[in-house]
Amino acid sequence: MRAVQSLDPGLHRHHGRPLNVEMVVAVELNTVSRFYGEVRALDHISATIGEGEFFSMLGPSGSGKTTCLRLIAGFEQPTTGSILIHGKDATGVPPYERDVNTVFQDYALFPHMTNLENIEYGLKVKGVAKTERKQRAQEALAMVALPDLGKRKPWQLSGGQRQRIALARALVNRPRVLLLDEPLGALDLKLREQMQVELKALQRKLGITFIYVTHDQGEALSMSDRVAVFNAGRLEQIDTPQNLYMRPSTVFVANFVGTSNVVEGRPALDISGQPHSFSIRPEHISFVQGPPTPETIHISGRLVDIQYYGAHSRYEVEIAGSLLFSVQLASESSAQDILPRVGDEVMIGWSRRAMVHLGDL
Amino acid sequence: MRSDGKCPFWLKFVAFGGIFFLHFPIIVIAAYAFNTEESAFSFPLQGFTLKWFAAAFARQDILDAITLSLKVASITTAAAIVLGTMAAAALYRRSFFGKETITLIFILPIALPGIITGIALLSAFRMAGWDLNFWTIVAGHTTFCVVVVYNNVIARFRRTSQNLIEASMDLGADGMQTFFHIILPNIATALLAGGVLAFALSFDEIIVTTFTAGPERTLPIWLLNQLTRPRDVPITNVVALVVMMATLIPILCAYYMTRGKESIEGSGK
């Protein structure tokens, strides 16, 4: 057993929980790769996931995050590298001998069984006595707030209800690690937000390690203790949501997590005077007047578009006829008359401290 | 698309004429099974009697032929279900070199003329030095009955989410438990449909049987031999009626059972 402290000193600092030096490693990936012929679905991934952690794997489709989850579940075996689950090498161990359970993207509920039978299934195949498994299944139904739907078949439920049954079916086995493969992907926005809150609350209450695959960066940021960002089979960054947003370490992360103005190459040198690519968040830029101070950068351009989002508005400013900067302002922050209009020559500015350097030119 | 109910008289005439032409011989055989007249197809019918049924079921050669055909069809169906399911399970998901060829080889026996299959099997059995008997009939029938089960089961596999199997394994079930608890209930109706069809195909198969039966006489072969004996025509009619019922009823049952099931499954998706 190893403590994860050394790997990530920032873990839990932002969540009010004390940093626990004794924290146990739940899942460890050691330079894991998965190739399909010539395709490198996963390329030398290393990560350590702590017990009780809400760990998200974020990335666009085809980035390898689901493959990574399937390797932990045991549906596939790594081409190279090893996976340790609770300190034990899981290489070659079939899914039914692993102390992990999965909530599938399409729920994968058994259509010929009732919901209660679905939930009981894991206990039944493990030989748990009938009375005990009935009771535990009922408890699981109550936990997901659907105590009366046990006798129905899965197809008689709504998408959100099916999602809860799938969750109950996995949790009734009391796994130490729960794998969730885009579990909220098929739900509408309101339901998704509600389920995010419930899932997070459930995870805190049960203290189970959650490994959560999603392509929705908002979801990953709002729920997770730490997020691993995948791109093209590689890990870009593993960090807390705060660090991921404020200190992205690569151009990809800066672009994928939230919206960012990423400037690379010659224009970066021209604007900042330093030989680095950099990113700056739209909400850190404002309209300014007068000369810059040593701590700020001012550049002039032409306002080409305004998008109104209710709570905030976004202004697209074209610099030197080619670069496009997004500027985000809270809607009520400025009086209507001093705001520029489309076509106006404007000057925008930001603090050098808000910039994130993304590698040398 | 539906027409508004009006169609020209000639179209109606041709349509019903076609149906009549197709089914007239069957009606004749069914009707003359109850005819009192002994010799041939005299018209009009002389009277109604069930005595030919009694006569038919009193004859040992008929009973033997029916028993043999039932046994062959049952064992063929069982073999087809096992082999067809295994073939479908092996082929539906994985793609490997030669998969298309293997699929073609599986489907070929149903497309090949029976006479080719029959001759090929006969020479194969001769080369192997096997005597023609009950088991060579079963082997011959199984070649094309496997396809029927295979087609039904592979279609069902393709519609069954692969995730169900993974979910079962994930919840702690090993391969056998997953097969009996998850896969089998999901393909049950496909097996029923395929099995019934295989049974019917085997029960009235004659061409391949002619080559592989040797001294054995299945019901269709017995019927064929009867054609040279005009005095037994009413009894032959009775037996033909029995064959029709034995194949038609299971097929209809399977059709309705699987059709009802399908609509329920579809709504769950």
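In what follows, every chain begins at residue 1, and chains take the letters A, B, ... in the order their sequences are listed. These values consider heavy atoms only, across backbone and side chains, with no hydrogens, waters or symmetry-generated copies.
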A:K153 versus chain B, the contacting section by heavy-atom distance below 4.5 Å:
neither
Identify which part of A:L123 has an atom lying under 4.5 Å from any heavy atom of chain B, answering side chain, backbone, both or neither.
neither
Is the B:F199 ring parallel, tilted or perpendicular to the B:F203 ring (thresholds 30°, 60°)?
parallel
Cut-off 4.5 Å, heavy atoms of chain B, and the answer for A:N101 is both
Which residue out of A:A166, A:G122, A:A170 racks up the most heavy-atom pairs below 4.5 Å with chain B?
A:G122
Below 4.0 angstrom, N of the basic side chain to O of the carboxylate: do A:E182 and A:K65 qualify?
yes
Structural part of A:R169 lying under 4.5 Å from a heavy atom of chain B:
both
Would a line drawn from the ring center of A:F55 to the ring center of A:Y212 be shorter than 6.0 Å?
no
What do the steps show when you test B:L171 against A:F110 for side chain to side chain contact (heavy atoms under 4.5 Å, CB included), and what is the final call?
CA-CA 12 Å; B:L171 291 164; A:F110 306 128; 4.1 Å; yes
Cation-pi check, A:R34 to A:Y36: give yes when NZ or CZ is under 6.0 Å from the six-membered ring centre and within 45° of the ring axis, no otherwise.
yes
Counting heavy-atom pairs under 4.5 Å to chain B, which of A:Q105, A:E97, A:R98, A:R70 comes out on top?
A:R70
